[in-house]
Amino acid sequence: MRLVATLFFSLVMAAAGAQEWPQRPVRFIVPFPPGGATDIAARLLGEKLTQIWGQTVVIENRGGAAGGVGAAEAARAAPDGYTFLFPSGSVMTANQHVYPKLNYDPDKDFVPVTNVVAGPQVLSVPANSPYKTVKDLIEAAKANPGKFTFGHAGIGSQTHLAAENFLSSAKIDAVQVPYKGEGPALAALVAGDITFAVSNLAANLPHINSGRLRALGVTSKAEAMQLPGVPPIAKTLPGFENVGWFGIVAPTGTPKAIIDKVYRDSKRALEASDLRARLFVQGLAPVANSPEEFGRAMKEETRLWARVVKERHIQVQ
C-alpha cells in the first residue's frame, strides 16, 4: 500500500508541476534561418501557444549543417521543459544516414512531442525561366546533362531529399547547390543563380504569388488548393509523391507531464479555426499526433530515408 501511495503522490506532484509550467518564456529552436517553412510553422504555432500559456514562445533560428547546428544546441539544453527543438523531418530521420558524424543523436538525445504540420513541396523556377512545365524542365535537363543546378537547405535536408527524389524519378542529373536554409536557397532561385528548386510550399508561396517564381508542379498526389492550376508532378512522373513535415521534440529527460502538456496544448492550438486558416494559406495541414504516434512515424521514415540515401549516394564526408 505504501508503494501505491508513493506512486500516486508522485503522479499527482508531476501533474501539479505540469499545471504550474511554464513560469517563464519557452524557447523553440528552429534549426534553419528565417523564411523557410520550418520557421513559418514554428512562429504560427508559437503565437498561439503564447496566448494559451501566458508566457512568450521565443523562436531562435540556428541554421547550419542541414539543421545539425540547431539540433546539437537543443540536445545540450537542460531538459527542464523550457527548450524544445522544432525540426523538419530530415533533421530527425535522414541526417544520421547522410553525415558520418553528428553532434547530436536523433534517437538518444530527443523524445517526440508531436508532429505539428505537414505539406507538399513545389518544383519552381525563376519567373523568367524558359521552362513552363515539368516536362519542359525534364527534357531540357536530359538534353543538357550536368548543366542544370538546383538549390536546397543543406545536404540531407528535407528540400534536398525532395529534389533527389525528383531527379531519381525523372532519371535526370543536376548539380546541387547547398545553402544554409530554405530561405537563402529560394532567394538564390529568385536571383537566377540556380535553375530550379523543390522547396516547401509554405516557403515558396510568397515568391510565387508575387510573380518572382514560377511553380511547375507540386509533390502531392493531388493539386494543392493554394496553387490552382499547378499540376502534381505525378501527372508527368506517375506515382511520384513527396511530403514534408515539421514538429516538436524535447531533450531527453524532459518531464513526461510537460511533454504531454505541450502535445495537448499544441493539439488545442491546431484545432483553432483561425490558426488552421493561417496554416492553410501557407499550404500547411495540421497533424497533431500523440508522442507515441509521432515516435512510430519517425522510426518508419528513418528506414525509408536510409534506403534513399544509400541508393542516391548522398553523404557528407
Side-chain angles (χ1 to χ4, degrees), residues 30-44 61 63-64 66-67 86-91 94 117-127 129 131 134 137 141 148-170 172 174-220 223-224 226-227 230-234 237 240-246 279 281-285 305 308 314:
V30 174
F32 296 102
T38 318
D39 180 66
I40 291 169
R43 291 181 187 279
L44 288 175
N61 298 92
F86 199 105
S88 63
S90 60
V91 177
V117 291
Q121 288 97 11
V122 182
L123 170 60
S124 57
V125 296
S129 170
Y131 313 117
V134 175
L137 181 66
F148 283 14
T149 55
F150 69 95
H152 56 74
I155 297 175
S157 66
Q158 198 156 258
T159 53
H160 180 203
L161 296 174
E164 290 284 358
N165 196 2
F166 168 68
L167 293 173
S168 177
S169 298
I172 59 176
V175 178
Q176 63 157 318
V177 183
Y179 292 86
K180 289 186 177 180
E182 191 173 22
L186 287 173
L189 185 63
V190 169
D193 297 337
I194 49 180
T195 312
F196 68 92
V198 186
S199 299
N200 292 295
L201 178 56
N204 254 292
L205 274 174
H207 301 294
I208 294 169
N209 291 337
S210 68
R212 294 189 295 266
L213 293 180
R214 177 187 302 136
L216 303 186
V218 293
T219 63
S220 49
E223 184 178 294
Q226 297 85 352
L227 289 175
V230 177
I233 294 173
L237 302 173
F240 182 85
E241 183 182 23
N242 208 97
V243 178
W245 61 262
F246 315 92
L279 290 170
V281 170
Q282 297 292 340
L284 297 168
W305 289 126
V308 172
I314 305 168

Would you say Glu182 and Asp39 make side-chain contact, with heavy atoms under 4.5 Å?
no
Quick check: do Ile172 and Phe166 have side-chain heavy atoms less than 4.5 Å from each other?
yes
Please find the pair of heavy atoms, one from Ser88 and one from Phe32, that lie closest to each other, and give the distance.
OG-CE1, 3.4 Å
Who are the side-chain contact (heavy atoms from CB on, under 4.5 Å) partners of Leu201, not counting sequence neighbours?
Pro120, Val122, Leu205, Ala224, Gln226, Leu227
What one should report as the nearest heavy-atom pair of His160 and Phe150 is CD2-CE1, 4.0 Å
Would you please test Leu213 and Asn204 for side chain to side chain contact (heavy atoms under 4.5 Å, CB included) and show each step?
CA-CA 8 Å; Leu213 293 180; Asn204 254 292; 3.5 Å; yes
Applying side chain to side chain contact (heavy atoms under 4.5 Å, CB included), run through Tyr179 and Leu186 and close with a yes or a no.
CA-CA 9 Å; Tyr179 292 86; Leu186 287 173; over 6 Å; no
Please round to the nearest 0.5 Å and tell me the distance separating atom OG of Ser129 and atom CG of Leu216.
7.0 Å
CZ/Phe196 to OG/Ser124 distance, rounded to the nearest 0.5 angstrom?
10.0 Å
Nearest-0.5 Å distance, CD1 of residue Ile155 to CD of residue Gln176
4.5 Å
Looking at every heavy atom in both Ala162 and Val198, which two are closest together, and how far apart are they?
CB-CG1, 3.9 Å
Any side-chain to backbone donor/acceptor pair from Thr159 onto Ala153? Under 3.5 Å, distance only.
yes
Counterpart residues, side-chain contact (heavy atoms from CB on, under 4.5 Å), relative to Ala202 (two or more places apart):
Ala37, Ile40, Gln282, Leu284
For Gly181 and Pro33, which heavy atoms make the closest approach, and how far apart are they?
CA-CD, 3.5 Å
How close do Gly151 and Ala197 get, counting heavy atoms only, and between which atoms?
O-CB, 3.7 Å
Expected output: side-chain Gln158 to main-chain Gly89 donor-acceptor under 3.5 Å
yes
OG on Ser157 to NE2 on His152, rounded to 0.5 Å
6.0 Å
Listed by chain and number, what are the side-chain contact (heavy atoms from CB on, under 4.5 Å) partners of Thr149, not counting sequence neighbours?
Val175, Val177, Ile194, Thr195
Please evaluate residues Val243 and Thr219 with respect to the criterion side chain to side chain contact (heavy atoms under 4.5 Å, CB included), reporting the C-alpha separation (whole Å), side-chain torsions for both, the decisive distance (0.1 Å), and the verdict.
CA-CA 7 Å; Val243 178; Thr219 63; 5.6 Å; no
Considering only heavy atoms from C-beta outward, does the side chain of Ile314 approach that of Glu164 to under 4.5 Å?
yes
Might you point out which heavy atoms bring Ser90 and Gly156 nearest each other, and give the distance in Å?
CB-O, 3.2 Å
Between Pro126 and Leu189, is any pair of side-chain heavy atoms under 4.5 Å apart?
yes
Would you give the length of the straight line joining atom CD of Glu241 to atom CD of Gln121, rounded to the nearest 0.5 angstrom?
10.0 Å
